[in-house]
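Position 1 is the first residue of the sequence, and the numbers go up from there. Atoms considered below: every heavy atom in the structure, side chains included; atoms not considered: hydrogens, waters and symmetry mates.
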Amino acid sequence: MSELHFDQWANYTGPANWYSLSYPSNWVKDEKEGILQLSPPDGNATLTISCHWKSVPPNTNSESNLEIDFDQLFVKHRNIQSRGPLAIEHESIGYSGEAIIQKNASWWKGLLASLPGFQKSWHSWNLWLIRERSIQMVVTFFYDPHHSEDFFEAVQVILHSIQLSLNPANPPELFANEVLDLAQKKFPLITSQILPGFRLKFGESEMNLTNFYRAYLTTPESFQKQITTALVTILQINEWGDAQTEPELSQIQDRIMPILLSRESWENNFPNFVGESWIANLAILYVVDESNAYWYIHEKLLRKWNIDQDQLHQIALNNLDRYFDHNQIELICMSKEEGPNMIIQSRPDAYNASQVLSPSFHQQARRFLGSEFLAGVPNRDFLLAISLSESHVIEKIQHNIASDYLTMDHPLTNQLLVVTADGVSEYCGVS
């Protein structure tokens with residue numbers, strides 16, 4: 001262990017927060033479809049980690065719940081030996097052997113594409129099964145036997161750093177069933193069913209569950225309240241007449257707000273609503289703010305109101321500035337004495353990220369951060385701004401923004417934005 005420098009190890013948290021581990025920071029990390037692949041810099045080995053939900057009650061006999069069908073993993077296999085459990089707090093068992101891997105097998109698709117002699121050759125491997133409650137992890141290590149000693153020590157440290165959640169969040173399928181059960185229990189007179197694409201049909205309306213699931217992973221204790229509030233809002237909106245769905249501009253003009261969405265979300269979910277593509281795969285849309293929700297402005301309303309999109313945008317920006325003045329949203333401002341010069345919104349708000357559109361916000365931020373600064377909006381409810389002079393922490397901030405984008409509900413963009421006198425653009429790093 002003397003050659004391993006633990007201060008140079010990185011931490012990783014798996015999908016749905018089911019597990020965490022540490023790995024050498026110079027190893028190559030790749031994630032695809034919930035599978036983590038780690039490879040040393042020279043690429044002569046591959047460690048692959050995946051987790052699966054197995055709804056089987058824990059058994060006092062550890063090995064009875066740790067089973068794997070090698071015929072499903074490998075085209076051919078030989079010399080399989082049991083290696084016993086790992087010295088960790090979770091149930092585990094290990095195996096070793098040799099195998100021929102089928103390149104187009106779905107579970108291993110692309111797994112060993114970088115290894116020499118991939119097709120139709122025998123590969124040495126070690127495999128570990130690790131289980132905690134309903135979570136079963138499969139860890140597979142493929143290696144070149146001539147160089148195995150170079151990596152085995154690091155692999156053992158990785159394995160012994162693994163922590164499976166003792167209270168794992170439900171996978172999406174079970175979460176959707178819980179939402180359905182809650183809807184049927186709270187509103188038995190409304191027909192509810194789960195639709196393909198991770199959606200709930202509630203009466204005549206449909207509700208995408210993706211953002212609710214992300215919120216559930218972060219704050220599972222708020223799950224029932226969030227779902228119930230959303231369903232009540234749907235019922236209220238369904239009772240609206242033309243006066244509410246197609247109001248006169250004068251009735252709602254002071255409640256029109258700008259909202260940021262990912263461009264993909266706009267194109268897939270709101271194609272007929274007023275909006276425009278922006279930078280960093282973002283889109284600007286417009287909503288009417290209600291007490292507990294907001295609704296998007298349809299293109300037909302612009303025709304009714306006899307205004308164009310530029311006029312709507314200016315109305316929305318004016319309202320945005322008044323909204324934050326009225327609600328007295330506080331910013332956390334850090335000075336050089338306390339740390340890097342940065343501004344962070346102190347509490348979540350549906351319009352926090354939208355402030356990056358506001359010239360008034362730019363002006364206020366410049367007083368503290370300088371004439372040019374960076375902004376991060378990984379999700380709808382979060383905004384961070386940092387001085388461009390803080391070059392020593394920008395890379396870390398960029399990493400954190402990208403990480404938050406993957407885990408927060410209402411995700412927007414994993415890219416940093418730069419605000420200058422010319423406007424807002426994507427940050428491309430220091431040239």
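- You'll find the ring centres of Phe202 and Phe187 inside the 6.0 Å limit.
- Under the salt bridge (charged side-chain N to carboxylate O under 4.0 Å, His left out) criterion, no residue pair touches residues 362-382, with sequence neighbours excluded.
- Between Asn414 and Ala402, the closest heavy-atom pair is CB-CA, 3.9 Å.
- Summarising the geometry, atom NZ belonging to Lys396 is positioned 9.0 Å from atom NE2 belonging to His399; distances are rounded to the nearest 0.5 Å.
- Counting only heavy atoms from C-beta outward, the side chains of Phe361 and Phe324 never approach each other to under 4.5 Å.
- Here Leu209 contributes atom CG and Ile227 contributes atom CD1; the two are 6.5 Å apart, rounded to the nearest 0.5 Å.
- The pair Arg255-Glu290 counts as a salt bridge, with a side-chain nitrogen and a carboxylate oxygen less than 4.0 angstrom apart.
- Centroid-to-centroid, the aromatic rings of Phe141 and Phe152 come within less than 6.0 Å.
- The CD atom of Gln236 sits 11.5 Å away from atom CG of Leu231, with the distance rounded to the nearest 0.5 Å.
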Only distances under 3.5 Å count here; give the side-chain donor-acceptor pairs of residues 215-223 to other protein atoms, sequence neighbours excluded, each with its distance to 0.1 Å.
residue, atom, partner, partner atom, Å
Tyr216, OH, Asn170, N, 2.9
Thr218, OG1, Arg214, O, 3.3
Thr219, OG1, Ala215, O, 3.2

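- Under the 3.5 Å distance criterion, the side-chain polar atoms of Asn379 are left unmatched by any main-chain donor or acceptor of Leu412.
- With values rounded to the nearest 0.5 angstrom, His90 atom NE2 is found 6.5 Å from Leu166 atom CG.
- In this structure, Phe142 and Phe74 have perpendicular ring planes: the angle between them is above 60°, well past the 30° mark.
- Considering only heavy atoms from C-beta on, Ser50 comes within 4.5 Å of Ile35 through its side chain.
- For the pair Ser25 (side chain) and Gln8 (backbone), a donor-acceptor distance under 3.5 Å is present.
- Within a 6.0 Å sphere centred on CD of Glu264, heavy atoms belonging to other residues, nucleotides or ligands number 12 at most.
- Side-chain contact between Tyr12 and Lys29 is present, with at least one heavy-atom pair separated by less than 4.5 Å.
- Under 3.5 Å, the side chains of Gln136 and His52 contain no donor-acceptor pair of N or O atoms.
- Crowding of Asn167 atom CG: a count of heavy atoms from other residues, nucleotides or ligands under 6.0 Å not exceeding 12.
- Residues Trp125 and Phe70 bring their aromatic ring centres within 6.0 Å.
- Other residues, nucleotides and ligands contribute over 12 non-hydrogen atoms within 6.0 Å of the CD atom of Glu206.
- Put simply, CG on Leu317 and CG on Leu320 are 6.5 Å apart, with the number rounded to the nearest 0.5 Å.
- Without hydrogens or angle criteria, Thr228 side chain to Gln224 main chain gives a donor-acceptor distance under 3.5 Å.
- At least one side-chain heavy atom of Ile344 sits less than 4.5 Å from a side-chain heavy atom of Met342.
- Residue Tyr294 comes nearest to Ala350 through the heavy atom pair CE2-CB, 4.1 Å, listed as atom of the first residue, atom of the second, then distance.
- What you find for Val287 and Ile259 is that their closest heavy atoms are CG1-CG2, 3.8 Å.
- For Glu426 (side chain) and Ala280 (main-chain N/O), a donor-acceptor pair under 3.5 Å exists by modelled atom type.
- A donor and an acceptor atom, one from each side chain of Thr413 and Asn281, are nowhere located under 3.5 Å apart.
- Not a single donor-acceptor pair under 3.5 Å links the side chain of Asn11 to the backbone N or O of Ser22.
- No side-chain donor from either of Asn341 and Ser389 sits under 3.5 Å from a side-chain acceptor of the other.
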Before you tell me yes or no, could you show the steps for Val377 and Phe382 under side-chain contact (heavy atoms from CB on, under 4.5 Å), namely the whole-Å CA-CA distance, both residues' side-chain angles and the distance that decides it to 0.1 Å?
CA-CA 6 Å; Val377 287; Phe382 183 83; over 6 Å; no
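- Nearest heavy-atom pair, Leu200 versus Ala183, reported as atom, atom and distance to 0.1 Å: CD2-CB, 4.4 Å.
- Here the straight-line distance linking atom CZ of Phe368 with atom OG of Ser387 works out to 9.5 Å at 0.5 Å rounding.
- Residues Ile158 and Leu47 are in side-chain contact: their nearest non-hydrogen atoms beyond the backbone lie under 4.5 Å apart.
- Here the side chain of His160 pairs a donor or acceptor atom with the backbone of Gln156 at under 3.5 angstrom.
- Annotation: side chain of Val418 is in contact with side chain of Thr420 (closest heavy-atom distance under 4.5 Å).
- The aromatic rings of Phe273 and Tyr296 sit perpendicular to each other, their planes meeting at more than 60°, with 30° as the lower class boundary.
- No hydrogens or angles considered: nothing links the side chains of Ser96 and Asn126 as a donor-acceptor pair under 3.5 Å.
- Distance alone, capped at 3.5 Å, is enough to place a donor-acceptor pair between the Ser92 side chain and the Leu86 backbone.
- No side-chain donor-acceptor contact under 3.5 Å links Tyr143 and His123.
- In this model, a donor atom of one side chain and an acceptor atom of the other lie less than 3.5 Å apart for Thr210 and Asn208.
- Counting only N and O atoms by type, the side chains of Asp289 and Tyr351 include a donor and acceptor under 3.5 Å apart.
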One pair to check against side-chain contact (heavy atoms from CB on, under 4.5 Å): Met137 and Ile49. What are the steps and the verdict?
CA-CA 7 Å; Met137 173 180 284; Ile49 300 171; 3.8 Å; yes
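- With hydrogens and angles disregarded, no donor-acceptor distance shorter than 3.5 Å links the side chain of Trp27 to the backbone of Pro41.
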Show your reasoning for whether side-chain contact (heavy atoms from CB on, under 4.5 Å) applies to Ile68 and Leu73.
CA-CA 9 Å; Ile68 193 163; Leu73 296 183; 3.4 Å; yes
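- The shortest side-chain heavy-atom distance between Trp18 and Pro171 falls under the 4.5 Å cut-off.
- With hydrogens and angles ignored, the 3.5 Å screen pairs no side-chain donor or acceptor of Asp409 with any backbone N or O of Phe212.
- Contact of the Leu388 side chain with the Tyr427 side chain is registered, since non-hydrogen atoms from C-beta on lie closer than 4.5 Å.
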Between Tyr19 and Ile135, does a side-chain contact (heavy atoms from CB on, under 4.5 Å) hold up when you go through it step by step?
CA-CA 9 Å; Tyr19 71 93; Ile135 302 298; over 6 Å; no
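- Scanning all heavy atoms of the two residues, the minimum distance from Ala16 to Ala169 falls at O-CB, 4.1 Å.
- Annotation for Ala154 and Pro24: closest pair CB-CG, 4.3 Å, computed over non-hydrogen atoms.
- A cation-pi contact, defined as under 6.0 Å to the ring centre and within 45° of the axis, is absent between Arg263 and Trp278.
- A distance-only check finds no donor-acceptor pair linking the side chain of Arg199 to the backbone of Lys201 [under 3.5 Å].
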